[in-house]
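Given the structure is predicted, the values throughout are model-derived calculations rather than measurements. Note that ligands are numbered from 1 as they come in the structure, with each ligand's atoms numbered from 1 the same way. Along the sequence shown, residues are numbered consecutively beginning with 1.
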Amino acid sequence: MRLYSMPSSGNSYKVRLLLALTGRACEIVDVEDGSEALIEAKTAGALPFGKAPVLHLEDGRTLPESNAILCWLGEGTRFWPGDAFDRATMMSWMFWEQNQHEGVIAVRAALRCYPSRASLATPDRMEDLLIRGHALLSVMERRLEVADWLAGEAATLADVALYAYTHTAGSRGGFEMDRFPAVNAWLARVAGLPNHVGLDD
Ligand SMILES: N[C@@H](CCC(=O)N[C@@H](CS)C(=O)NCC(=O)O)C(=O)O
């Protein structure tokens, strides 16, 4: 397998993290934002939706979208719940990650960290993202006050997916993580999973 992966991106990191947690070997092709490699990968048609990550299988099939890749790689592992309701709950969190969490938590971090986006980081926009991000982190906090993991009673793909951008929400995004003790305890639990790797590993 070959993974086209953007080193600084949480969406790519979540796939690298699952590969490590499940002990799967995979060739990694780095396509950093603004790099020649990214342009080449797009030109060569390696990124069907024009975005990373994309997984290329040995038989030539390609799979874009980080959470779809997690499902492909995660089925049958300890991160794939046997119970149908837990599995559907895992999916709920993964859809929520893409349609709500990522568009606020990751976007605010990108506006602060990528120089090319600095001109888009107006005070009004940053304040709006801060307020909305804290509300989203509160949703996670409420679940994690009463449970160790997001879906069911064990770590699932939902935890891998949400960890990716949440673990840098304070350092990169500027969110006030002290307000979310249950989220912080959960971040430590995910970081403590055997074979966990960091964003920069
Ligand atoms: N929903 C997609 C989002 C993918 C995405 O937005 N990738 C960004 C990096 S986080 C990218 O490839 N940006 C490069 C570009 O747009 O040229 C996923 O979860 O895989």
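In this structure, ligand 1 sits under 4.0 Å from heavy atoms belonging to Met6, Ser9, Asn11, Leu38, Lys42, Lys51, Ala52, Pro53, Glu65, Ser66, Gln98, Tyr165.
Within the structure, the salt bridge (Lys or Arg N to Asp or Glu O under 4.0 Å) test picks out the following pairs touching residues 13-35 (sequence neighbours left out): Arg2-Glu27, Lys14-Glu97, Asp33-Arg117.
Listed by chain and residue number, Asp86, Arg87, Met90, Thr156 satisfy the side-chain contact (heavy atoms from CB on, under 4.5 Å) test with Pro81 (two or more places apart in sequence, or in another chain).
A donor-acceptor contact shorter than 3.5 Å links the side chain of Arg189 to the backbone of Asp148.
Taking Ile, Leu, Val, Met, Phe, Trp and Tyr as members and joining any whose side-chain heavy atoms lie under 4.5 Å apart, directly or through other members, Val146 forms no hydrophobic cluster with any other residue.
The aromatic rings of His56 and Tyr4 sit tilted relative to each other, their planes meeting at an angle between 30° and 60°. Relative ring orientation between Tyr163 and His167 is described as parallel, the plane-to-plane angle staying below 30° on a 0-90° scale split at 30° and 60°.
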